[in-house]
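Quantities reported herein were computed from a predicted structural model and do not represent experimental measurements. Starting from 1, each residue takes its place in the sequence as its number. We use all heavy atoms of the structure for the numbers below, so side chains are in, but hydrogens, waters and symmetry mates are not.
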Amino acid sequence: MPTPTLHVSQHPAVLHKLAVLRDEDTEPKKFREVVRELSWLLGYEALADVSVKPREIVTPMEPMIASELGERIGLIPILRAGLGMVDAMLELMPTAQVWHLGLFRDERTLRPVEYYNKLPDSASVDLCLILDPMLATGGSATAAIEVLKKWGAVRIKLVNLIAAPEGVEAVSSAHPDVEIYCAALDRGLNEKGYIQPGLGDAGDRQFGTGKAE
Ligand code: PRP
Ligand code: URA
């Protein structure tokens, strides 16, 4: 059954850049560049329904009522891999606040472990965007959403580059109010919890920390 909260981009520019991202020959520098470009494109789609408010300006011709973002936005990158998505999102939403959340996936249990949390004392924004390139089992995303809801967030969107059906199912059944934006919905997970065909380990590929040959 289709998941109403899932938005998979069909934009040709997204499809083109995804191929570069997935390619095992793409080096970390190029990989980071493409993570950034894809984040910009997905952020653009994820923000399409954000409200704007009027802003009085004067053009060289005459005064006019223009528009500016009307919602306070919080960006929550999931460390480490989500870091690569922050700059592009800040270009789109220069007034957004950034709150880092450190989660890593225990390789044996595949359960998320929280190790860092830089959320302010209380929720002070209208919309939270969780940034993480990969949605695999959905454990990390679900944990992040729970942290944000406990803290008081009311409107949350999840932005991923690649999602697995298992992760989409986990997030959408536990949190049917959270919209998921991604560039691709892949086939599924392998026995180690990696997305197939995926792109490998998004953190390692960005930061060059893969296993030594
Ligand atoms: C990756 C990815 C997600 C998580 C997804 O992070 O960036 O946070 O795995 O998997 P899940 O949906 O099964 O929870 P990882 O734990 O490898 O940490 P890293 O970003 O520090 O490399
Ligand atoms: N985390 C990654 O970085 N890649 C996957 O395929 C799954 C989890």
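The main-chain N or O of Leu101 is never found under 3.5 Å from a side-chain atom of Asn117 such that the two would form a donor-acceptor pair. Between the Asn190 side chain and the Gly193 main chain, a donor and an acceptor come within less than 3.5 Å of each other. With Glu71 contributing its side chain and Ser51 its backbone, the two residues share a donor-acceptor pair below 3.5 Å. A donor-acceptor pair under 3.5 Å links the side-chain atoms of Thr59 to the main chain of Glu62, judged by distance alone. Judged by distance alone, the side chain of Arg155 and the main-chain N or O of Asp126 form no donor-acceptor pair under 3.5 Å. Judged by distance alone, the side chain of Arg22 and the main-chain N or O of Gly198 form a donor-acceptor pair under 3.5 Å. Side-chain N or O atoms of Asp186 include none that pairs as donor or acceptor with a backbone N or O of Gly188 at under 3.5 Å. A donor-acceptor pair is defined here as one N or O able to donate and one able to accept, closer than 3.5 Å; such a pair exists between the side chain of Glu166 and the backbone of Leu189.
Summarising the geometry, atom NE2 belonging to His7 is positioned 13.0 Å from atom CG belonging to Leu185; distances are rounded to the nearest 0.5 Å. Taken from CG in Leu199 to CZ in Arg205, the straight-line distance is 6.0 Å, to the nearest 0.5 Å. Atom CG of Leu75 is separated from atom NE2 of His100 by 9.5 Å, given to the nearest 0.5 angstrom. Rounding to the nearest 0.5 angstrom, the gap separating the CG atom in Leu148 from the CG atom in Leu158 is 10.5 Å. Note that the CG atom of Asp23 and the CG atom of Leu18 stand 12.0 Å from one another [nearest 0.5 Å]. Here the CG atom belonging to Asp87 is positioned 14.0 Å from the CH2 atom belonging to Trp40, to the nearest 0.5 angstrom.
You'll find the side chain of His11 stays beyond 4.5 Å of the side chain of Leu41, heavy atoms only. At least one side-chain heavy atom of Leu38 sits less than 4.5 Å from a side-chain heavy atom of Leu21. Put simply, the side chain of Arg80 reaches to within 4.5 Å of the side chain of Thr209, judged on heavy atoms. With contacts defined as side-chain heavy-atom distances shorter than 4.5 Å, the pair Val20/Lys30 qualifies. Side chains of Val168 and Leu135 form a contact here, defined as non-hydrogen atoms less than 4.5 Å apart. Counting only heavy atoms from C-beta outward, the side chains of Glu146 and His175 approach each other to under 4.5 Å. Annotation: side chain of Lys157 is not in contact with side chain of Ile180 (no heavy-atom distance under 4.5 Å). The shortest side-chain heavy-atom distance between Leu6 and Ser172 does not fall under the 4.5 Å cut-off.
Using a cutoff of 4.0 Å between basic side-chain nitrogens and carboxylate oxygens, Arg36 and Glu33 are not scored as salt-bridged.
Residue Arg55 places its CZ atom among 12 or fewer non-hydrogen atoms of other residues, nucleotides or ligands, all under 6.0 Å distant. Annotation: Asp121, atom CG; neighbour count of heavy atoms from other residues, nucleotides and ligands within 6.0 Å does not exceed 12. More than 12 heavy atoms of other shown residues, nucleotides or ligands fall within 6.0 angstrom of atom CD in Gln196. A 6.0 Å sphere centred on OH of Tyr44 holds no more than 12 heavy atoms belonging to other residues, nucleotides or ligands. The environment of Glu68 atom CD is dense: over 12 non-hydrogen atoms of other residues, nucleotides or ligands sit within 6.0 angstrom.
No continuous path of ILVMFWY side-chain contacts below 4.5 Å connects Met89 to Leu79, so the two sit in separate hydrophobic clusters. Criterion: ILVMFWY side-chain heavy atoms under 4.5 Å apart, direct or through other members. Under it, Leu47 and Ile156 are not part of a common hydrophobic cluster. Hydrophobic clustering keeps Leu161 apart from Tyr181 (ILVMFWY residues linked when any side-chain heavy atoms are closer than 4.5 Å, directly or through intermediates). In the hydrophobic clustering of this structure, Val14 groups with Ile162; members are Ile, Leu, Val, Met, Phe, Trp, Tyr whose side-chain heavy atoms approach within less than 4.5 Å, directly or through other members. Met85 and Met93 fall within the same hydrophobic cluster, where Ile, Leu, Val, Met, Phe, Trp and Tyr residues are linked whenever their side-chain heavy atoms come under 4.5 Å apart, directly or through other members.
Between the side chains of Glu179 and Thr5, no donor N or O sits under 3.5 Å from an acceptor N or O.
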**Request:** Go through the steps for Ile145 and Lys150 under the test side-chain contact (heavy atoms from CB on, under 4.5 Å), then give the verdict.
**Result:** CA-CA 9 Å; Ile145 293 166; Lys150 267 195 205 134; over 6 Å; no

**Request:** Begin with the C-alpha distance, continue with both residues' side-chain angles, and end with the deciding distance and a verdict on side-chain contact (heavy atoms from CB on, under 4.5 Å) for Val8 and Gln10.
**Result:** CA-CA 6 Å; Val8 185; Gln10 308 294 336; 4.3 Å; yes

**Request:** Tell me, with the steps shown, if Ile78 and Leu131 meet side-chain contact (heavy atoms from CB on, under 4.5 Å).
**Result:** CA-CA 6 Å; Ile78 307 300; Leu131 311 178; over 6 Å; no

**Request:** Start with the C-alpha distance between Leu127 and Val50, add both sets of side-chain angles, then the distance that settles side-chain contact (heavy atoms from CB on, under 4.5 Å), and finish with yes or no.
**Result:** CA-CA 9 Å; Leu127 172 65; Val50 166; 3.7 Å; yes

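Looking at every heavy atom in both residues, Ala170 comes nearest to Thr137 through CB-O, 3.5 Å. Considering every non-hydrogen atom in both Arg72 and Ser124, the closest pair reads NH1-O, 3.2 Å. Of all the heavy atoms in Gly208 and Pro28, the pair that sits closest is CA-CG, 4.0 Å. When all heavy atoms are compared, the tightest approach of Trp99 to Gly74 is CZ3-CA, 3.8 Å. Residues Cys128 and Trp151 share a closest heavy-atom pair of SG-CZ3, 4.1 Å. Residues Val159 and Ala46 come closest through the heavy atom pair CG2-CB, 4.2 Å.
Ring geometry for Phe104 versus Tyr115: interplanar angle of 30 to 60°, hence tilted.
By the 6.0 Å and 45° rule, Arg187 does not stack over the aromatic ring of Tyr194.
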